[in-house]
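In listed order, ligands and their atoms are each counted from 1. Nothing here was measured: the structure is a model prediction, and the numbers come from that model.
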Amino acid sequence: MPIRQLSPELAGKIAAGEVVERPVSVVKELVENSIDAGATRVSIEITGGGIDQVQIADNGAGIPPGEVLLAFQRHATSKLDSPDLLDAIPTLGFRGEALPSIAAVSRMSLTTRVAGVDEGYLAEFSWGQLEKQGPQGCPPGTTVRVDDLFGNLPARRKFLKSAASESGRIHDLIVRYALAYPEISFTLKVGERTALTSPGDANGENTAVAVYGPSVASNLLKVSGEDPETGYEVQGFIGNPGLHRANRTYMTFFVNRRWIQSRMLTFALEEAYQGMLPERRYPLAALNLAVPYEDVDVNSHPAKREVRFRQDGKVYSALQRAVRAALVEHSPVRGFRTSPGGQKMSIDQGFGSPGFFRSPFDGASHYPAGGASGLKAGVPGSGDGVDGFGPAGAAMTPQQALPALRVVGQVRLTYIVAESPDGMYLVDQHAAHERVLFDGIVRQSAEREVQSQPLLAPVDVDLTPGQVATLIEHSSFLTGYGFDVEEFGGSGYLVRAVPSILVTQDPGKSLVDLLDMVALEGVIQDRKDTVAATLACHSAIRAGQSMTEAEMRALLEQLEVTDNPHTCPHGRPTVIHFSSYHMEREFGRR
Ligand code: ADP
Ligand code: MG
């Protein structure tokens with residue numbers, strides 16, 4: 001084949017492929033444009049997962065009428081007015097590629113007005129061709145609408161996931177930008193439903209509550225300060241170690257408030273948590289590194305997802321130290337008290353209200369203080385038999401059954417001390433109860449025998465838009481587990497029935513906490529297990545609650561007959577065994 005120049009149309013499609021991979025890339029580019037334009041309000045509306053339509057409206061600077069068509073030219077940008085700027089880019093955009101790329105693979109319209117200028121301007125494109133342009137009345141700011149994405153690239157369209165999954169990606173993206181830009185109010189509408197609204201009051205804590213819900217937000221630790229050695233500022237928050245996640249999607253990094261992906265920073269974060277999380281569990285974090293612009297090259301990835309640092313080591317240690325300092329400050333655990341080395345990091349206790357934050361190691365801290373333990377209430381299989389489990393052998397592996405245990409007492413209102421002929425056992429009361437409840441819930445659900453308890457009087461709760469989204473998305477699971485919730489008007493909902501195991505808890509609080517946990521946990525993990533684990537976690541007895549001997553005995557008996565008595569549903573140990581042999585050795589009897 002002879003060499004030929006590609007037609008502009010084909011070249012445009014090919015170039016678009018680098019920038020626009022899926023609906024979330026469109027949203028990312030357009031939101032970044034709104035941020036660069038100094039907007040304080042950005043509203044995003046999507047239908048059909050953003051494939052059918054994305055509409056983004058901002059109240060930013062707008063584009064002067066005479067420059068609107070230019071903005072759709074490839075490599076046309078208002079953000080790089082001197083070549084030197086390329087070495088120190090302060091804006092999110094700089095290549096002038098997004099608008100032409102998106103226009104090449106969609107039907108797109110842009111309406112814009114500069115505040116103080118009388119008239120706005122409209123431009124409409126179909127598959128890269130200008131269809132319409134001219135003056136147009138509109139509010140100050142810019143509104144961009146993108147319809148029928150990849151309608152002219154069927155191959156690309158085939159690679160898209162379901163609308164729900166594409167919407168999920170967009171939701172995650174907006175959560176991240178909302179966290180990085182607390183001074184901007186973001187609203188995301190998915191179809192008719194408002195999925196997310198951030199307050200835009202420049203308060204990171206309020207933003208975290210808005211996007212994550214209060215129960216997760218109350219388990220976040222604030223990181224804020226300048227690393228004394230590098231001068232780099234690290235800001236944001238991390239989850240306390242009790243808030244670990246099953247995958248790495250909850251680690252978000254920004255460099256100069258640009259969302260990036262970085263293996264190096266991921267490692268730095270994980271290393272800071274070393275020894276604090278169970279195996280194969282990952283922390284939650286949203287951290288911004290403020291680095292001098294000239295120390296970072298943002299022009300190294302087609303979708304600007306990655307950056308290059310001039311000195312990786314500096315960035316690594318700044319982040320690692322900041323996180324470590326925050327954890328150390330909150331951790332009473334032995335071994336972590338070592339000095340973080342002249343840290344200047346300040347760590348705020350509490351997001352706003354005093355005591356809102358808790359220590360990472362106050363045990364079962366991610367659910368509210370419940371009333372009575374409800375230990376016996378509706379726990380399936382809470383029979384009293386030990387069913388032929390005799391004393392087991394000496395050492396123990398996770399697969400092994402527990403021997404019959406005799407309760408000795410409770411320590412620190414958190415651990416049950418028990419003994420069997422092969423030694424002493426320390427049982428984490430919360431983790432053990434979680435395991436018992438989890439197994440019961442999973443069994444009930446498998447047998448389709450979930451026990452639901454209608455409430456004598458329905459309880460009304462106010463839900464945030466994010467919680468409503470979760471409620472709608474997971475309604476069949478929630479119903480399957482025994483919840484009956486009804487819309488009541490506005491943000492009000494009525495809880496009419498709850499899973500039986502929750503009867504002793506505050507129904508409204510249970511629902512809200514469950515929604516928050518499912519929203520965070522439910523993205524990748526098997527949702528059924530998530531709901532079960534969350535229900536179990538929520539209704540299990542907490543650390544710090546005193547237990548009667550009968551309750552402790554009942555719990556141990558129930559734990560003994562579970563399939564996997566050695567770990568809780570999150571993978572933490574339930575039991576530590578001190579063998580008789582080990583104790584004798586330690587006391588010099590052997
Ligand atoms: P880049 O962001 O890299 O400059 P784009 O193709 O995304 O390239 O946008 C081209 C230009 O259009 C921008 O430089 C900016 O001047 C203008 N523009 C795009 N979106 C907006 C917006 N929401 N508000 C104001 N100006 C915008
Ligand atoms: Mg741009």
Whether A61 lies under 4.0 Å from ligand 1, heavy atom: no
Part of E29 within contact of ligand 1 (heavy atoms, under 4.0 Å): neither
Backbone of R169 reached by a side-chain donor or acceptor of R22 within 3.5 Å: no
Sub-4.0 Å heavy-atom contact, G62 with ligand 1: yes
Min side-chain heavy-atom separation T252-W259 under 4.5 Å: yes
Shortest protein heavy-atom distance from atom 6 (O) of ligand 1, along with the residue and atom involved: L99 N, 2.9 Å
Flag, side chain of N152 to backbone of A104, donor-acceptor distance under 3.5 Å: yes
T77 N/O/S atom closer than 2.8 Å to the Mg ion (ligand 2): no
Sidechain-backbone polar pair: R258 side chain, L92 backbone, donor-acceptor under 3.5 Å: yes
Shortest protein heavy-atom distance from atom 23 (N) of ligand 1, along with the residue and atom involved: D58 OD2, 2.9 Å
Taking atom 15 (C) of ligand 1 as the reference point, the nearest protein heavy atom with its distance: S78 OG, 3.4 Å
Distance-only polar pair, side chains of Y177 and E32, donor-acceptor under 3.5 Å: yes
Residue portion contacting ligand 1 (non-hydrogen atoms closer than 4.0 Å) for A98: both
Region of L30 engaging ligand 1 - heavy atom pairs below 4.0 Å: neither
T142-ligand 1 polar pair, N/O distance under 3.5 Å: yes
Heteroatom proximity flag, P100 to ligand 1, N/O under 3.5 Å: no
Atom 12 (O) of ligand 1 - nearest protein heavy atom and its distance: A71 CB, 3.4 Å
R107 with E131: basic N within carboxylate O range, under 4.0 Å: no
Numbered atoms of ligand 1 (with element) below 4.0 Å of E97, judged on heavy atoms: 6 (O), 8 (O)
Identified side chain to side chain contact (heavy atoms under 4.5 Å, CB included) counterpart of I56 within the set V31, N33, T143: V31
Under 3.5 Å: N/O of F94 near N/O of ligand 1: yes
Residue pair Y121 / P64, side-chain heavy-atom distance below 4.5 Å: no
Option of least heavy-atom distance to atom 2 (O) of ligand 1 (set: R74, H75, K79, E32): K79
Short side-chain to backbone donor-acceptor contact, T194 and K189, under 3.5 Å: no
Nearest protein heavy atom with distance in Å, relative to atom 3 (O) of ligand 1: G96 N, 2.8 Å
A76, portion touching ligand 1 at heavy-atom distance under 4.0 Å: backbone
Side chain to side chain contact (heavy atoms under 4.5 Å, CB included) assessment of I44 paired with F186: CA-CA 8 Å; I44 302 103; F186 290 92; 4.1 Å; yes
Y316 and E271 side chains, donor-acceptor separation under 3.5 Å: yes
Check: S43/T187 side-chain N/O donor and acceptor closer than 3.5 Å: no
Which of the ligand 1 atoms, numbered from 1, are nearer than 4.0 Å to a heavy atom of G93: 2 (O), 3 (O)
Heavy-atom nearest neighbour of atom 18 (N) of ligand 1 within options T77, V42, I63, V144: I63
Check against side chain to side chain contact (heavy atoms under 4.5 Å, CB included), M251 and Y282: CA-CA 8 Å; M251 306 184 199; Y282 305 95; 3.6 Å; yes
Protein residue, atom and distance nearest to atom 7 (O) of ligand 1, heavy-atom basis: N33 ND2, 2.8 Å
Interfacing atoms of ligand 1 (cut-off 4.0 Å, heavy-atom, A37): 24 (N), 25 (C)
